[in-house]
Amino acid sequence: MSDPVWDPFRENQVTLPQATDEKHVTADLTDGVLTVEVPKAEQAKPRRIEITG
């Protein structure tokens with residue numbers, strides 16, 4: 001096997017789970033580090049239901 005080579009033109013794809021809020025995905029490239037934030041969709045977040053009585 002050969003060592004991986006850095007290629008600035010390489011394309012990567014990632015399949016996101018269905019329970020993501022695709023409209024609010026953000027990506028930031030700072031100092032060569034790519035940070036991608038993928039928030040959960042509102043319906044996928046756990047809810048707290050208060051029980052009275």
Side-chain angles (χ1 to χ4, degrees):
M1 273 199 318
S2 63
D3 291 332
V5 177
W6 182 77
D7 180 0
F9 303 105
R10 182 176 173 183
E11 180 179 311
N12 289 312
Q13 295 181 358
V14 177
T15 302
L16 299 175
Q18 289 183 353
T20 58
D21 185 356
E22 297 168 0
K23 293 180 181 178
H24 293 99
V25 173
T26 60
D28 178 58
L29 182 63
T30 304
D31 297 327
V33 177
L34 177 63
T35 303
V36 180
E37 293 184 13
V38 183
K40 285 185 179 181
E42 217 34 63
Q43 66 268 21
K45 292 181 181 177
R47 296 184 300 154
R48 176 171 279 202
I49 301 171
E50 186 175 329
I51 300 172
T52 59

_Test of understanding: with side chain to side chain donor-acceptor pair (under 3.5 Å), list the residues that count as partners of Glu50, not counting sequence neighbours._
none
*If you group Ile, Leu, Val, Met, Phe, Trp and Tyr whenever their side-chain heavy atoms sit less than 4.5 Å apart, what else falls in with Val25?*
Leu16, Leu29, Leu34, Val36, Val38
*Test side chain to side chain donor-acceptor pair (under 3.5 Å) applied to Thr30 - qualifying residues, sequence neighbours left out*: Asp28
